[in-house]
Trainee: 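Have a look at this one before I ask anything.
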4 protein chains.
Amino acid sequence: MLIDPKSPVPIYQQIASQVRLRIASGVYRPNESLPSLRSLAAEIKVNPNTVQKAYDELTREGLVESRRGSGLFVVDRAAAGATTGDEKRCQRELSEIIANALRAGVLPERIRTLFREALDGEVAASTRRAT
Amino acid sequence: MLIDPKSPVPIYQQIASQVRLRIASGVYRPNESLPSLRSLAAEIKVNPNTVQKAYDELTREGLVESRRGSGLFVVDRAAAGATTGDEKRCQRELSEIIANALRAGVLPERIRTLFREALDGEVAASTRRAT
Amino acid sequence: MLIDPKSPVPIYQQIASQVRLRIASGVYRPNESLPSLRSLAAEIKVNPNTVQKAYDELTREGLVESRRGSGLFVVDRAAAGATTGDEKRCQRELSEIIANALRAGVLPERIRTLFREALDGEVAASTRRAT
Amino acid sequence: MLIDPKSPVPIYQQIASQVRLRIASGVYRPNESLPSLRSLAAEIKVNPNTVQKAYDELTREGLVESRRGSGLFVVDRAAAGATTGDEKRCQRELSEIIANALRAGVLPERIRTLFREALDGEVAASTRRAT
DNA sequence: GTGGTCTAGACCACA
DNA sequence: GTGGTCTAGACCACG
């Protein structure tokens, strides 16, 4: 794993990104365990807390799940519903819309707000539909 | 602020809950700054990292946002009405993509990450394109 | 000028990068003055000190120079010697070597060290030649 | 450390000079940490930001480097002997490019910036490529 | 605890 | 008006 301690990008985000990539590309497969906190921390020479923070983020995203006493496992997305294909398409579409908005002069900060509102709205709507 | 260190509920969650309440009830108003990490930590006698973790969660939820060098502020969800046509279109498109992704089973937290990465990438690209 | 206050990349570096691009692409021409600290700060809504820090960096790189009381000016590189063509070639070559080294498994930190040594050595050698 | 606040030489330059001397004379040894920002600021009774500015300059010169969360360290220029063949080749190539650039009149500080940007770009690209 | 970044607002020398 | 320096104090990520 390639980490640059001098980059302004926080180390825990660098770790999270790389793990995301490895999951997406199939290097880490569903129901397989991730490297342990301590082993990964030792490998890239950072504090275990830093790795923990990265794993936290991935857990919140639903990409991995912890099984008590045995480690962190890649969730089986086929069984769960969403596929990486859906995610790739989603991001491709987001990138396109964002690029258009930036070209039209909308500020990044503004786009973030629009997104936050849209997400909140859609989550609320989908929750209503589900109940 | 009232914290119960004996409770099974993690302290950082107790903090987050109380701040959420205060925002919802208008004790902390939009564009107002929250108590600083260190001051709140001192007040309730916990480690600043614990407060940090609570504030992290609120940031991820979009309730507050940090402004570099000046503090954490309650997000102003009112000052958000899309004004320009470009912005309206952008938001309409975002909503559609988000709705699709949710229907496909992608988790909201995951969509947030995909968006964040897409925006970062496009901002960087547009800077590189700049003439 | 497009600035993203939420990016992990420091604002002053975003500013410096964009100004570098504009100089390289001829938007800001030799012996022309840059936007004043205060006016640029007002435009992108940051503190003048932040712009100052960016201008500092450009000054140390020899891209601009301050003329007391009247502003910052793009240095005339034709008169000075170096051309942007030389610089572009230099960076293209650096990128290639770096990419090779990374592929070979050399860590970024290590490459930085190798670079530092090489630069010091060559500066010393060129100084000796000059005297 | 002796500082003269009345001198026309900026305080931060006085600090930088004295630290440079102490490194050169071996008072501060490789892999040793410098006095912390705050402690040095307290000792000579200036604002921590002023010390920071001095340390900034030394960092850019490659004399010291920061290790996140633990302090500023004198760079160990001895522990730098290239070991692997890949590293040797890398450094030989770097030296050649640098020598060319210097002959073309590119300033050392400028080369440093070009290198920094090239490395950042390649690290990011390789993360994106990661399998 | 550490360094790094940012803000707010001050004062200076110069033109 | 310009840039350059400095102070006071904040938040941040990391160990």
Side-chain angles (χ1 to χ4, degrees), chain A residues 5-15 41 45-54, chain B residues 33-41 47-49 51-53 55-56 59 64-73, chain C residues 3 5-15 33-41 45-56 58-59 64-73, chain D residues 3 5-15 33-41 45-56 58-59 64-73:
Chain A
K6 290 285 175 43
S7 164
V9 179
I11 293 176
Y12 77 94
Q13 288 206 12
Q14 294 184 42
I15 298 172
K45 299 193 183 62
V46 300
N47 190 294
N49 283 336
T50 305
V51 179
Q52 164 88 283
K53 204 167 173 183
Chain B
S33 77
L34 263 53
S36 87
L37 276 182
R38 286 165 179 77
S39 68
L40 181 53
N47 191 294
N49 284 336
V51 180
Q52 162 94 287
K53 203 167 173 183
Y55 280 9
D56 256 26
T59 302
V64 304
E65 65 182 6
S66 89
R67 301 187 192 160
R68 291 213 245 198
S70 53
L72 271 189
F73 291 77
Chain C
I3 295 298
K6 290 286 174 43
S7 165
V9 178
I11 295 175
Y12 80 93
Q13 289 205 11
Q14 296 183 42
I15 299 172
S33 77
L34 262 53
S36 86
L37 278 182
R38 291 164 181 83
S39 67
L40 180 52
K45 299 193 182 64
V46 299
N47 189 288
N49 281 335
T50 304
V51 179
Q52 161 92 304
K53 202 168 175 182
Y55 280 8
D56 249 32
L58 298 170
T59 302
V64 304
E65 64 184 5
S66 91
R67 301 188 191 158
R68 296 224 269 194
S70 55
L72 271 189
F73 292 78
Chain D
I3 295 297
K6 299 263 178 59
S7 162
V9 178
I11 295 176
Y12 80 94
Q13 294 260 14
Q14 295 183 41
I15 299 172
S33 77
L34 262 53
S36 87
L37 277 181
R38 291 164 180 81
S39 67
L40 181 53
K45 299 195 181 61
V46 299
N47 189 286
N49 281 335
T50 305
V51 179
Q52 161 93 311
K53 202 168 175 182
Y55 280 10
D56 249 34
L58 299 169
T59 301
V64 303
E65 66 183 5
S66 90
R67 301 187 192 160
R68 291 215 243 199
S70 55
L72 269 191
F73 292 77

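Lettering follows sequence order; numbering is per chain, from 1.
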Trainee: How many angstroms lie between atom CG of D:Leu58 and atom CG of D:Leu72, to the nearest 0.5 angstrom?
Mentor: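 CG of D:Leu72 is found 8.5 Å from CG of D:Leu58.
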Trainee: Can you sort out the partners of D:Leu37 under side chain to side chain contact (heavy atoms under 4.5 Å, CB included), two or more places apart, ordered by chain and number?
Mentor: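 Here the qualifying residues are D:Val51, D:Gln52, D:Tyr55.
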Trainee: Identify, with sequence neighbours excluded, every residue that meets side chain to side chain contact (heavy atoms under 4.5 Å, CB included) alongside D:Asn49.
Mentor: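 If we apply the side chain to side chain contact (heavy atoms under 4.5 Å, CB included) test to D:Asn49, skipping adjacent residues, the hits are D:Asn47.
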Trainee: Would you kindly give the NZ-to-C1' distance between A:Lys6 and E:dG4, to the nearest whole Å?
Mentor: 14 Å
Trainee: Can you list the residues that meet the salt bridge (charged side-chain N to carboxylate O under 4.0 Å, His left out) rule with C:Arg68, with sequence neighbours excluded?
Mentor: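 For C:Arg68 there are no salt bridge (charged side-chain N to carboxylate O under 4.0 Å, His left out) partners, ignoring immediate neighbours.
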Trainee: Rounded to whole angstroms, how far apart are CD1 on D:Ile3 and P on F:dT7?
Mentor: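 Interatomic distance, CD1 of D:Ile3 to P of F:dT7: 11 Å.
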Trainee: Suppose we screen for salt bridge (charged side-chain N to carboxylate O under 4.0 Å, His left out). Which residues come up paired with C:Arg38, at least two apart in sequence or across chains?
Mentor: none
Trainee: Just the table, please: protein N/O against nucleotides 12-15 of chain F N/O, every pair under 3.5 Å.
Mentor:
{"from": "F:dC12", "atom 1": "N4", "to": "B:Arg38", "atom 2": "NH2", "distance (Å)": "3.4"}
{"from": "F:dA13", "atom 1": "OP2", "to": "B:Gln52", "atom 2": "NE2", "distance (Å)": "3.3"}
{"from": "F:dC14", "atom 1": "OP1", "to": "A:Ile11", "atom 2": "N", "distance (Å)": "2.6"}
{"from": "F:dG15", "atom 1": "OP2", "to": "A:Thr50", "atom 2": "OG1", "distance (Å)": "2.4"}
{"from": "F:dG15", "atom 1": "O6", "to": "B:Asn49", "atom 2": "ND2", "distance (Å)": "3.0"}

Trainee: Give the dot-bracket line for DNA chain F from 5' end to 3' end: parentheses for intra-strand Watson-Crick or G-U pairs under 3.5 Å, square brackets for crossings, | for inter-strand pairing, dots for unpaired.
Mentor: ||||||||||||||.
Trainee: What residues form a side chain to side chain contact (heavy atoms under 4.5 Å, CB included) with D:Ser33, not counting sequence neighbours?
Mentor: D:Phe73
Trainee: How many whole angstroms separate atom CZ of B:Phe73 from atom C1' of E:dT7?
Mentor: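 Taking atom C1' of E:dT7 as the reference, CZ of B:Phe73 is at 10 Å.
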Trainee: Pairs of donor and acceptor atoms involving the side chains of residues 7-15 of chain C, under 3.5 Å and at least two apart or interchain, shall be tabulated with distances.
Mentor:
{"from": "C:Ser7", "atom 1": "OG", "to": "C:Val9", "atom 2": "N", "distance (Å)": "2.9"}
{"from": "C:Gln14", "atom 1": "OE1", "to": "C:Asp4", "atom 2": "N", "distance (Å)": "2.9"}
{"from": "C:Gln14", "atom 1": "NE2", "to": "C:Asp4", "atom 2": "O", "distance (Å)": "3.0"}
{"from": "C:Gln14", "atom 1": "NE2", "to": "C:Val9", "atom 2": "O", "distance (Å)": "3.0"}

Trainee: Suppose we screen for side chain to side chain donor-acceptor pair (under 3.5 Å). Which residues come up paired with D:Ser39, at least two apart in sequence or across chains?
Mentor: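 Partners of D:Ser39 under the side chain to side chain donor-acceptor pair (under 3.5 Å) test: D:Ser36.
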